[in-house]
Amino acid sequence: MDYKYIEQLLERYWECQTTLEEETILRKFFAQEDIPASLLPYRDLFLAEENMAQAHLSEDFDARLMERLAIGQPTGATLAVQKGNKEKRHAKVIKISITQQLRPLYRAAAMVAIVLSIGMAAQQGFERNEENVLENNALATSTDSTELFIEQPEMSPQAEAVLTTTQTDSLLEMKVEN
Amino acid sequence: MEKIRFHNDILPLKDKIFRLALRITLRREVAEDITQETLVRVWERRGEWDTIENMEVYCLTIGRRLAIDHLRQRQQQTEREGEITDYHLSAASTDRMADEVLDQKQRVAQVMELIEQLPEMQRTIIELRDIEGLKYDEIAQVTGLNETQVKVYLHRARKKIRESL
């Protein structure tokens with residue numbers, strides 16, 4: 001086998017005239033087992049460099065670096081911020097639920113009162129129309145309106161009671177959370 | 001986004017930075033610390049990444065600067081303490097060199113020692129060219145020399161190695 005090409009490359013290598021590609025050819029050549037005696041001494045250099053290229057960092061290097069950079073792991077500060085947001089969100093939900101819970105109660109109370117009074121007024125009105133007692137109409141309406149007023153306060157304390165308990169509950173809940 | 005770029009483009013350069021720092025400081029533990037410090041600095045300067053043309057050259061330049069700083073500090077400390085160190089230049093290795101019946105492993109180890117004993121700039125350039133495969137213009141950027149100067153240092157280093165083989 002003719003080694004002239006390798007010898008030429010080597011000469012140019014010592015003179016720093018080889019390209020990176022040519023240096024790779026030399027490295028591959030000297031990595032072989034079968035090297036002619038004349039070129040054998042130079043193999044040591046390429047093997048030494050091959051050996052030096054195998055130097056690597058310790059296995060725990062990445063872990064130590066990431067710990068120092070704090071990439072990928074939430075720090076104590078970010079956790080605190082997340083907790084704060086969660087509490088805020090929760091408090092908001094409770095606020096909405098109070099009004100949502102109470103609004104239908106008021107509505108229901110008002111609706112029941114209106115329906116009852118209208119119904120009773122109509123019934124009484126019809127009965128009296130049949131009996132032709134027209135002069136009593138004014139009195140009946142006044143009674144109806146009193147009934148309306150009586151019924152409404154009857155519902156209101158209930159609603160108020162519910163309001164107070166719910167408020168106390170949510171206040172307690174918020175206190176516990178805080 | 002920056003995290004992904006750090007993991008994909010920068011972290012894989014760690015062993016190159018490490019080997020350069022090792023070649024300069026000749027101490028494994030120190031080289032590891034320098035590699036970590038280099039990567040921390042690169043991360044801290046992530047705002048500049050888009051302006052960097054060659055990330056490998058950028059990282060190696062920072063790593064080299066830190067390694068040189070360490071060498072200087074060590075030298076000053078040694079001078080203060082009045083020590084004669086450079087344990088690499090031990091008499092034992094020169095004795096062994098004279099021995100002609102060394103097996104290949106020992107001869108390879110000798111070449112590695114010889115490279116370690118080269119002046120800092122020469123062993124840095126051997127590392128960057130022959131081990132990491134950098135182009136001359138890239139080596140020039142890392143070392144702050146021009147390409148001709150890089151070749152002069154490399155030529156001296158290779159000549160010394162050749163004579164020893």
Side-chain angles (χ1 to χ4, degrees), chain A residues 6-7 9-75 78, chain B residues 2-3 6-7 11 14-23 28-29 31-33 35-40 42-44 102 104-116 123 125-127 129-136 150-159 161-165:
Chain A
I6 295 295
E7 281 164 6
L9 275 188
L10 251 187
E11 251 347 284
R12 291 178 51 231
Y13 172 79
W14 300 122
E15 296 305 316
C16 302
Q17 288 167 354
T18 40
T19 63
L20 282 172
E21 290 74 27
E22 289 170 331
E23 286 165 24
T24 307
I25 293 169
L26 280 175
R27 242 167 266 290
K28 278 186 184 159
F29 173 80
F30 282 104
Q32 300 176 114
E33 285 294 310
D34 200 19
I35 309 278
S38 62
L39 294 171
L40 213 48
Y42 305 116
R43 184 169 69 173
D44 295 342
L45 169 62
F46 294 98
L47 289 182
E49 287 177 346
E50 183 58 40
N51 227 315
M52 288 156 80
Q54 299 307 312
H56 297 295
L57 286 154
S58 315
E59 272 181 26
D60 63 341
F61 177 83
D62 284 13
R64 282 187 284 127
L65 176 70
M66 291 310 145
E67 201 183 332
R68 206 178 144 191
L69 294 180
I71 299 179
Q73 296 163 334
T75 59
T78 51
Chain B
E2 281 161 342
K3 280 185 205 172
F6 187 81
H7 278 278
L11 200 54
K14 64 180 180 179
D15 281 316
K16 285 186 179 228
I17 302 165
F18 169 66
R19 282 190 292 265
L20 177 62
L22 181 63
R23 212 63 63 213
R28 210 193 139 82
E29 232 173 85
E32 289 224 5
D33 288 348
T35 309
Q36 193 193 71
E37 191 58 40
T38 304
L39 292 171
V40 167
V42 173
W43 172 252
E44 281 169 353
L102 293 172
Q104 186 180 290
K105 259 189 184 169
Q106 281 173 309
R107 278 186 282 118
V108 168
Q110 261 185 24
V111 176
M112 285 164 73
E113 266 187 45
L114 181 81
I115 292 171
E116 283 190 0
R123 60 178 192 260
I125 292 173
I126 284 279
E127 167 70 31
R129 179 70 183 191
D130 284 353
I131 296 165
E132 307 306 342
L134 261 66
K135 295 174 194 146
Y136 284 120
V150 169
K151 282 190 187 179
V152 169
Y153 278 109
L154 185 64
H155 187 256
R156 279 185 204 153
R158 282 181 179 171
K159 196 174 168 228
I161 296 166
R162 186 185 187 179
E163 284 165 359
S164 79
L165 294 172

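Only heavy atoms go into these numbers, but all of them, side chains included; no hydrogens, no water, no symmetry mates.
For B/Asp15 (side chain) and A/Leu57 (main-chain N/O), a donor-acceptor pair under 3.5 Å exists by modelled atom type.
Note that CG of A/Leu69 is 10.5 Å distant from NZ of B/Lys3, once rounded to the nearest 0.5 Å. Rounding to the nearest 0.5 angstrom, the gap separating the CD1 atom in B/Ile126 from the CG atom in A/Leu45 is 7.0 Å. The CZ atom of A/Arg64 sits 6.0 Å away from the CD atom of B/Gln36 when rounded to the nearest 0.5 Å.
In this structure, the portion of A/Arg27 lying under 4.5 Å from any heavy atom of chain B is its side chain and not its backbone. Using a 4.5 Å cut-off between heavy atoms, A/Glu49 contacts chain B through both its backbone and its side chain. Heavy atoms of A/Thr19 lying under 4.5 Å from chain B belong exclusively to its backbone. Neither the backbone nor the side chain of B/Glu29 comes within less than 4.5 Å of any heavy atom of chain A. Heavy atoms of A/Glu15 lying under 4.5 Å from chain B belong to its backbone as well as its side chain. Using a 4.5 Å cut-off between heavy atoms, A/Phe46 makes no contact with chain B at all. Of the atoms belonging to B/Arg19, it is side-chain heavy atoms, and not backbone ones, that fall under 4.5 Å from chain A. There is no contact between B/Ile17 and chain A, counting heavy-atom distances below 4.5 Å. Contact of B/Leu22 with chain A is made through the side chain alone, with heavy-atom distances under 4.5 Å.
Dense packing is recorded around CZ of B/Phe18, with more than 12 heavy atoms of other residues, nucleotides or ligands lying under 6.0 Å away. Counting non-hydrogen atoms of other residues, nucleotides and ligands closer than 6.0 Å to CD of A/Gln32 gives a total above 12.
Under the 4.5 Å side-chain criterion, counting only non-hydrogen atoms from C-beta, A/Met66 is in contact with B/Phe6. With a 4.5 Å cut-off on side-chain heavy atoms, A/Asn51 and B/Val111 do not count as touching. Side-chain contact between B/Arg23 and A/Met52 is present, with at least one heavy-atom pair separated by less than 4.5 Å.
Residues A/Pro41 and B/Leu165 approach most closely at O-CD2, 3.6 Å, considering heavy atoms. Between B/Glu32 and A/Phe61, the closest heavy-atom pair is O-CE1, 3.7 Å. Annotation for A/Tyr13 and B/Arg158: closest pair O-NH1, 2.8 Å, computed over non-hydrogen atoms. The minimum heavy-atom distance between A/Ala48 and B/Val108, with the atom names listed, is CA-CG1, 3.5 Å.
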Practice task
Please assess B/Lys151 against A/Gln17 for the test side-chain contact (heavy atoms from CB on, under 4.5 Å), listing each intermediate value before the final yes or no.
Solution key: CA-CA 9 Å; B/Lys151 282 190 187 179; A/Gln17 288 167 354; over 6 Å; no
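With respect to chain A, the highest number of heavy-atom pairs below 4.5 Å among B/Glu132, B/Lys135, B/Lys14, B/Arg129 belongs to B/Arg129.
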